[in-house]
Protein chains: 2
Amino acid sequence: MIPKQTVNMTDVARHSGVSIASVSRALRGEPGVSPTTRDRIMTAARELSYVVSPEASRLAGGATGRVGVVVPRIDAWFYSTVLAGIADEFDTVGTDLVLCTLPDSAARHRFFEALPLRRKVDAVVVVSLPLSARERTRIDQLGVPSVFVGGHHPGGNRSWIGIDDELAARQAVGHLIHIGHRDIAMIQAADDTDIPWATDQARISGFHRQIREAGLGDPTVVTVKWSIEGGSRGMEMLLSGPRLPTAVFCHSDEIALGALRTLRRAGVSVPQQISIIGVDDHPSADLNDLTTVAQPVRDQGQIAAREVLRHLVGEAAPVSAPNTDALTTLPTRLVIRGSTASPH
Amino acid sequence: MIPKQTVNMTDVARHSGVSIASVSRALRGEPGVSPTTRDRIMTAARELSYVVSPEASRLAGGATGRVGVVVPRIDAWFYSTVLAGIADEFDTVGTDLVLCTLPDSAARHRFFEALPLRRKVDAVVVVSLPLSARERTRIDQLGVPSVFVGGHHPGGNRSWIGIDDELAARQAVGHLIHIGHRDIAMIQAADDTDIPWATDQARISGFHRQIREAGLGDPTVVTVKWSIEGGSRGMEMLLSGPRLPTAVFCHSDEIALGALRTLRRAGVSVPQQISIIGVDDHPSADLNDLTTVAQPVRDQGQIAAREVLRHLVGEAAPVSAPNTDALTTLPTRLVIRGSTASPH
DNA sequence: CTGAAAGCGCTTACAG
DNA sequence: CTGAAAGCGCTTACAG
């Protein structure tokens, strides 16, 4: 005879001499089970090292114990770090993480049209994806709570965790101005998708506002792709100009690192001849002595995870929570290293 | 009245005027459904934008459509890149990826004892975890196919994809010897867990073998943690010695980057006064002009994913595949940049 | 506090 | 080729 592969609720019930209804209740910590019975059940479950079948549980109206996490990609520092924060938090409560990556627009389109997460998860976390109205609707149509991380506010009273990108830009540019720079350029990053990243807009407008408020003239701005290559290219563009600015605000640390590489190759010394500042506090920023504005990345993941788990336990609609409660803005802070100094 | 949340197989059956048995068969591409009927069913399913309930499917004896991926952590370049390769591949066939991270030994212990993946996935990919015999057994007890990536051979005829770490070390050291170095030290990384990483042993023995075969004397070796900090520390130790070697083989690029940082701070010029070489071809290696031995990381993930999917479709036991077939070793190659040069 | 029973949405022999 | 029916392992009213 073939032994049963897995022990099920019936086995636990038999071993503890009760019905499966009681086992189900006890295991989920529901009221309506006497302490004695509960004890007996828990012991039996442990002895048999029983785990509920998520399939059966879900099918019968329970939860899946799974949460979907949607990221553009994972082989990039920001996303993998957010993901690590989420994974850690899920692990403590035993929630399974179903990962969805949308590396290109085809994958993205497929995801939002087919909604492969449908009927598979109890909630979803969307990381750093600027959504069109249609896409936002589709996420809602998953019919489960959603939480958004980074980049843009999803609108409505959807939960959002992120930083103030405009402020981050102003902190960076403010530092340059504070130490005496008057001729500040920006290497800005642009995405090639049609939907503008809120992050990008905010960092750009923060730069311009800070420049304007300091009474400085029209700054030089070059636009490149968001990558180390892009940063290299951007600095090459600046080096090709009539005169070099005394400082450059880079859209991100990746851009800044590319810029530093070009400067090193060009024999321009940093910070003596030019100051460079980025945003993010990428691990390589420390390694390359880059001044930057740090954002708490792992924390964003952790907080998002907690938020989503909160939705899952307190199933009740958060009537008490006002609209504004849905937005959590984390602080950014200047990290001064060796790539910035006063001009001359 | 409350509208049904989701459309189920019965709806599709009704719309196409057949029984749910036929719908089930048609949707899974099984034989035994006439082309006409199949067409009608497919159309109805599309119109209703129906997706099968994985829960119900699994419960009834089908597959979950999910594969578990176990990684030590994700906020590190190697793992997130392997993961990206896996995720891409899964995406093309619609397999869901359930992510498990084991950041510390507590999480690891919990994972192997509780086997949270039990009954939840059709297969599992284990990335770069050196397993004890007990842990290997536990993975087998999941009762689903498993594929291993990187680091160590799992033994038996389990599928494994990785590189030849000993060869990688020899390629690196061979380059140093080839350009004239005779005094070569190593900064080696040690893990703090009790189980030795096969990767580590292999890179270390590759170093020693190459040194020995070149007839060079007893090399200086310092041991540190696998991190940029560790690399910094290691180079500090070498700088504290009686005389500086002319070249240093670093266990990994991260170690090498830390070493470079210390040298920069110490005012020792690379490669004029000392050559540095790493292993991995971490993105920062390019940025910091580090010579290294590259390994295909994303490919390892992709191949592992394909392998696991192969197991899933061809459910039949691979009787034809001999034992050796289970091991896939990917090539490594020297990438020469500016951190190595002939001595003097 | 406890249990018998219906039902969740599928897959799979078994008949026809 | 097609369908009626059992059963996968749970949860949840409904009785007691």
Side-chain angles (χ1 to χ4, degrees), chain A residues 2-42 44-45 48-66 118-122 143 312 315, chain B residues 2-42 44-45 48-66 118-122 143 312 315:
Chain A
I2 297 172
K4 255 196 324 139
Q5 271 221 312
T6 53
V7 8
N8 60 25
M9 205 170 256
T10 307
D11 296 323
V12 179
R14 191 169 30 237
H15 273 255
S16 39
V18 295
S19 72
I20 63 164
S22 292
V23 175
S24 174
R25 284 188 280 256
L27 256 29
R28 276 173 304 114
E30 276 204 350
V33 185
S34 76
T36 335
T37 313
R38 189 181 296 270
D39 264 12
R40 203 138 33 89
I41 293 170
M42 297 313 256
L48 298 169
S49 63
Y50 168 75
V51 283
V52 298
S53 158
E55 328 297 339
S57 168
R58 180 63 213 270
L59 196 54
T64 63
R66 283 190 290 269
R118 214 167 9 150
R119 312 168 90 187
K120 293 182 183 173
V121 295
D122 301 330
L312 259 33
E315 291 286 13
Chain B
I2 298 173
K4 258 199 319 143
Q5 272 222 307
T6 52
V7 9
N8 60 26
M9 205 170 256
T10 307
D11 296 323
V12 179
R14 189 167 34 233
H15 273 252
S16 40
V18 296
S19 72
I20 63 166
S22 293
V23 175
S24 173
R25 284 188 279 256
L27 257 30
R28 276 172 304 115
E30 277 204 349
V33 185
S34 75
T36 335
T37 313
R38 190 181 295 271
D39 264 11
R40 203 139 31 90
I41 291 171
M42 297 312 254
L48 298 169
S49 64
Y50 169 74
V51 283
V52 298
S53 158
E55 327 297 338
S57 168
R58 178 66 213 269
L59 196 55
T64 64
R66 282 188 291 267
R118 214 164 11 146
R119 313 168 89 186
K120 294 181 182 173
V121 294
D122 300 331
L312 259 33
E315 292 287 13

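In what follows, every chain begins at residue 1, and chains take the letters A, B, ... in the order their sequences are listed.
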B:Arg118 atom CZ is separated from D:dG9 atom P, nearest whole Å, by 14 Å
Closest of D:dG3, D:dT12, C:dT2 to the B:Val18 side chain is D:dG3
Rounded to whole Å, the CE-P distance (B:Met9 to D:dG3) equals 14 Å
With sequence neighbours left out, the residues meeting side-chain hydrogen bond (donor to acceptor under 3.5 Å, both in side chains) with B:Ser24 are B:Arg28
Interatomic distance, CZ@A:Arg38 vs CG@A:Leu27, rounded to 0.5 Å, equals 9.5 Å
Taking D:dC1, C:dC10, D:dT12 as options, the one with an atom nearest any side-chain atom of B:Thr37 is D:dC1
Closest to the side chain of A:Ser19, out of C:dT12, C:dC10, C:dG3, is C:dG3
For B:Ala56, the side-chain contact (heavy atoms from CB on, under 4.5 Å) test, sequence neighbours excluded, returns A:Leu59, B:Ser53
By side-chain contact (heavy atoms from CB on, under 4.5 Å), A:Ala21 pairs with (sequence neighbours left out) A:Ser19, A:Arg25
Show me the protein contacts with nucleotides 13-16 of chain C, counting only N or O atoms at under 3.5 Å.
none

A:Arg28 atom CZ is separated from D:dG9 atom C1', nearest whole Å, by 13 Å
| task | Look at A:Ser22 and C:dT2 and indicate whether a side-chain polar atom (N or O) is within less than 4.0 Å of OP1 or OP2. | result | no
A:Asp39 atom CG is separated from C:dT2 atom C1', nearest whole Å, by 17 Å
Sequence neighbours excluded, the answer for side-chain hydrogen bond (donor to acceptor under 3.5 Å, both in side chains) partners of B:Arg66 is A:Glu55
Closest heavy-atom pair, B:Ala63 versus B:Ser57, reported as atoms and distance to 0.1 Å, is O-OG, 3.5 Å
Phosphate contact (D:dT11 OP1 or OP2) by A:Ser57 side-chain N/O below 4.0 Å
yes
B:Asp122 and B:Gly65 have their tightest heavy-atom pair at OD2-N, 2.8 Å
Note: A:Tyr50 and A:Val7 closest approach over all heavy atoms is CD1-O, 3.3 Å
Nearest heavy-atom approach of A:Val23 to A:Met9 is CG1-CG, 3.5 Å
The side-chain contact (heavy atoms from CB on, under 4.5 Å) partners of A:Thr37 (sequence neighbours excluded) come to A:Val18, A:Val33, A:Ser34, A:Arg40, A:Ile41
Rounded to whole Å, CG of A:Asp11 lies from P of D:dG9 at a distance of 9 Å
Nearest-nucleotide check on DNA chain D, B:Val33 vs A:Glu30; residue mapping nearer the 5' end is B:Val33
Sorted by chain and residue number, the side-chain hydrogen bond (donor to acceptor under 3.5 Å, both in side chains) partners of B:Ser22 (sequence neighbours excluded) come out as none
### Query
Distance check: side-chain N/O of A:Ser34 vs OP1/OP2 of C:dT2, anything under 4.0 Å?
yes
So which protein N/O to nucleotides 6-8 of chain D N/O distances come out below 3.5 Å?
{"unit_1": "D:dC8", "atom_1": "O2", "unit_2": "B:Leu59", "atom_2": "O", "d": "3.0"}
{"unit_1": "D:dC8", "atom_1": "O2", "unit_2": "B:Ala60", "atom_2": "N", "d": "3.2"}

Stems field, DNA chain C, Watson-Crick or wobble, 3.5 Å, at least 3 pairs, by first number, holds C:1-3 with D:14-16, C:5-12 with D:5-12, C:14-16 with D:1-3
